[in-house]
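Heads up: numbering here begins at 1 and tracks the sequence.
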Amino acid sequence: MRKYLAILLGILLIFSFAATAFAIHVEELPPEAVVTKGPASIMLGGKILVRGWYFKNVGSVTTEDEEGETLVLNNLPVRTDSQAFYTTNANLTVSVKVGDNVRGYMDLETASGGSGNPNSGLYVWGTYDTKPAADLFFRELWLQYSGSGLMGVPVGVKAGHMPITLGEKQFLNNERFGDDAILLWIDPAKELHILLGTAKMNEGVKENHTDDLDGYVALFTYMWDKANTVGANWTWAHSDGRVPSLPGSPNVDELNFHNIGIHGNGKIAGVTYSAEADFQFGKAKDVLFEGNDMKFRGWGVFAKLGYMIDPINLRASFAYGSGDNDNDDKNEEFQTLQGPDELAPVARIVHYTQIYERTVRTTAQQAVLTTTLGGNVRNTNIANTTYYNVGLDVNPTKELSLSLDGFIIRASKNQFGSKSAGTELDIKGNYKIATNLSYFVEAGAFWPGDYYEDTFDIKDKTVSQVVHGLLLTF
């Protein structure tokens, strides 16, 4: 089990750190959830999520490389028959508090198949008069202590497996299944939060350090008023011999990768905003022991604005992740870590688009700092991607909420031809049936641009996708 987790998490865990202001914390459950008496209180909760899925025109093509080897390219917008199926997610949570300073938390979630794929989070319907082929895995398992610390200054420590994000989630967003980490923080002032973190991402063989992956982070956030926060973070990933997206172990002499990010969010004069900029450097030495180094020089920017004209909330956003269109020793593509792309459409959350970023192959071409062998081809956020978005949200009634989003998507660079990746239209609706029970529909259409024809030599087709379901929380 430990070996499988090490492989799946891999370099994803390098970046598994965030200030508590940006980590995903479960809110306290209502008092009636307390089931014990005494110094320790135990609160139970969870959810049941049933979804129906429909996809059309997402498939694979077979081609040959320059040496005549057969290649299968998956998740392309090509003509296919439609696919439809149902799934179920179930979560059971236990939150333990001992006094005011000590807390533990556990979140058990379903995982598909008899082998229990830990990156699925669901099981697929289809076992007639049989128990579903599903296992339970810990999505979260951590403990935390916070106290007055030295001379009355608040300090804390949190250790275990937990959902983690950084900044505005452009570089790192591991809130779906979480990471293993140890976080230490101090709050010198009410507005200032400082954190240091570390993680052992891959131990492999205990006696061999060359298959280890270690990560370190330093960050701060500052609330300059009640509505506005700014922050900065520095992440350093180090290995003495392994990059998990490359074959073999060890496969490099040494890896040192750095990401520096700055971010902010808040509200000024009725306008909500969020923004982030990231800059990357470092290198992997002697890649595959062929005498060549890979130098990292990626960067990315993101900005989002919103304004409420009652009852409609108007939104607009823009993002740019750098790309690389040559074959020198510099990898200028913005490296993003949003989790593995295994089972991406059904297992992952929406980052910005329902289809382009989760369901079809993206414009990322050198996403080497990921867990997937060869690099992720989906779930790459803004790697080698530029997008423009406008959207709106409206609540026609107290129970009903609707949203509409349009996207223009381009490859930041493409050595094979067109940069036009396509356009997408997404619609979401949610209706509250009863207390803690809602019905939702999420639908989208993706019209591919010439990027897919020029890059993969295919006749592309419009991709359509619909997801609907029932969600019960308790």
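Between W53 and F85, the two ring planes are parallel [angle under 30°; tilted spans 30° to 60°].
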I'd like to know whether E168 forms a side chain to side chain contact (heavy atoms under 4.5 Å, CB included) with N265, so could you lay out the CA-CA distance, the side-chain angles of the two residues, the decisive distance to 0.1 Å, and finally the verdict.
CA-CA 8 Å; E168 300 304 315; N265 63 73; 2.9 Å; yes
Check the pair F138, D107 against side chain to side chain contact (heavy atoms under 4.5 Å, CB included), reporting the backbone distance first and the verdict last.
CA-CA 6 Å; F138 281 109; D107 181 354; over 6 Å; no
Using ring-ring contact (aromatic ring centres under 6.0 Å, His included), reason through F281 and F296 one step at a time and then give a plain yes or no.
CA-CA 5 Å; F281 58 96; F296 299 101; over 10 Å; no
Determine, step by step, whether W185 and I194 satisfy the side chain to side chain contact (heavy atoms under 4.5 Å, CB included) criterion, reporting the C-alpha distance in whole Å, the side-chain angles of both residues, the deciding distance to 0.1 Å, and the verdict.
CA-CA 6 Å; W185 69 85; I194 301 173; over 6 Å; no
Passes side chain to side chain contact (heavy atoms under 4.5 Å, CB included), T165 versus N174? Steps please.
CA-CA 6 Å; T165 67; N174 293 344; over 6 Å; no
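Looking at T272, its side chain never comes within 3.5 Å of a backbone N or O of K267 through a donor-acceptor pair. For the pair N436 (side chain) and T473 (backbone), a donor-acceptor distance under 3.5 Å is present. Side-chain N or O atoms of D187 include none that pairs as donor or acceptor with a backbone N or O of A189 at under 3.5 Å. Without hydrogens or angle criteria, T93 side chain to L44 main chain gives no donor-acceptor distance under 3.5 Å. N376 places a side-chain N or O within 3.5 Å of a backbone atom of G339 that can act as its donor or acceptor partner. One N or O on the side chain of T198 and one on the backbone of G215 form a donor-acceptor pair closer than 3.5 Å. For Q144 (side chain) and G104 (main-chain N/O), no donor-acceptor pair under 3.5 Å exists by modelled atom type. Side-chain N or O atoms of Q280 include one that pairs as donor or acceptor with a backbone N or O of Q335 at under 3.5 Å. With E442 contributing its side chain and Q465 its backbone, the two residues share no donor-acceptor pair below 3.5 Å. When atom types are taken as modelled, the side chain of N430 and the backbone of V441 share no donor-acceptor pair closer than 3.5 angstrom.
Listed by chain and residue number, Y387 satisfy the ring-ring contact (aromatic ring centres under 6.0 Å, His included) test with Y352 (two or more places apart in sequence, or in another chain).
For the residue pair Y320 / T385, no side-chain donor-acceptor distance below 3.5 Å is found, with atom types taken as modelled. Side chain to side chain, D405 and N389 meet the donor-acceptor criterion of an N or O pair below 3.5 Å. Judged purely by distance below 3.5 Å, without hydrogens or angles, the side chains of T380 and T336 never pair a donor atom with an acceptor atom. Looking at T359 and Q354, their side chains never bring a donor and an acceptor atom within 3.5 Å of each other. In this model, a donor atom of one side chain and an acceptor atom of the other lie less than 3.5 Å apart for N256 and H238. Side chains of D278 and Q170: a donor-acceptor N/O pair is absent below 3.5 angstrom, by distance only. Between the side chains of Q338 and N379, no donor-acceptor pair is found at a separation under 3.5 Å. Between the side chains of T370 and S245, not a single donor N or O lies within less than 3.5 Å of an accepting N or O. Donor-acceptor pairing under 3.5 Å is lacking for the side chains of D326 and Q415. A side-chain donor-acceptor contact under 3.5 Å links E357 and H351. No side-chain donor from either of Q365 and N325 sits under 3.5 Å from a side-chain acceptor of the other. R176 and N119 share no donor-acceptor pair across their side chains, judged by distance under 3.5 Å alone. Under 3.5 Å, the side chains of Y273 and N228 contain a donor-acceptor pair of N or O atoms. If you check the side chains of H258 and W234, you find a donor sitting under 3.5 Å from an acceptor.
Taking OG of S401 as the start and CZ of F440 as the end, the distance is 12.0 Å to the nearest 0.5 Å. In this structure, K56 NZ and S464 OG are separated by 7.0 Å, a value rounded to the nearest 0.5 Å. Here the OG1 atom belonging to T110 is positioned 6.5 Å from the CG atom belonging to L122, to the nearest 0.5 angstrom. S403 contributes atom OG, which lies 8.0 Å from atom CG of L392 (distance to the nearest 0.5 angstrom). Taken from CG in L92 to CZ in R139, the straight-line distance is 13.0 Å, to the nearest 0.5 Å. Here the CZ atom belonging to F257 is positioned 5.5 Å from the CG atom belonging to N259, to the nearest 0.5 angstrom.
Looking at heavy atoms from C-beta onward, D426 lies in side-chain contact with F407 at the 4.5 angstrom threshold. Side-chain contact check for I164 versus L183: some heavy-atom pair is nearer than 4.5 Å. In this structure the side chain of N384 reaches within 4.5 angstrom of the side chain of K413, judged on heavy atoms. Contact check for Y451 versus I409: no side-chain heavy atoms found under the 4.5 Å cut-off. Side-chain contact between S239 and E254 is absent, with no heavy atoms from C-beta onward closer than 4.5 Å. In this structure the side chain of V350 reaches within 4.5 angstrom of the side chain of R358, judged on heavy atoms. Looking only at side-chain heavy atoms (C-beta outward), F55 and V463 stay at 4.5 Å or farther from each other. Side-chain contact between V360 and V58 is present, with at least one heavy-atom pair separated by less than 4.5 Å.
Between L76 and R361 the shortest heavy-atom distance is CD2-CD, 3.8 Å. In terms of heavy-atom proximity, G429 sits nearest to L402 at CA-CD2, 3.8 Å. When all heavy atoms are compared, the tightest approach of E342 to A347 is O-CB, 4.5 Å. The two residues Y123 and S112 have their closest heavy-atom pair at CA-CB, 4.1 Å. A284 approaches L255 most closely through the heavy-atom pair CB-CD1, 4.0 Å. Nearest heavy atoms, Y452 versus P448: CD1-CB, 3.9 Å.
Checked against a 6.0 Å centroid threshold, the rings of F318 and Y388 count as neighbours.
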Distance-only criterion, 3.5 Å: show the donor-acceptor pairs between side-chain atoms of residues 297-314 and protein atoms not counting sequence neighbours.
unit_1	atom_1	unit_2	atom_2	d
N313	ND2	D393	OD2	3.1

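A salt bridge does not link R348 with E175: every distance from a Lys NZ or Arg NE/NH1/NH2 to an Asp or Glu carboxylate oxygen is 4.0 Å or more. Under a 4.0 Å N-O distance rule, the pair D180/K200 does not qualify as a salt bridge.
Other residues, nucleotides and ligands contribute more than 12 heavy atoms inside 6.0 Å of the CG atom of D225. Remark: K330 NZ is loosely packed, at most 12 non-hydrogen atoms of other residues, nucleotides or ligands lying under 6.0 Å away. Within 6.0 Å of CD1 in I408 there are 12 or fewer heavy atoms belonging to other residues, nucleotides or ligands.
Shown are L219, T221, L184; of these, the side chain to side chain contact (heavy atoms under 4.5 Å, CB included) with L195 is made only by L219.
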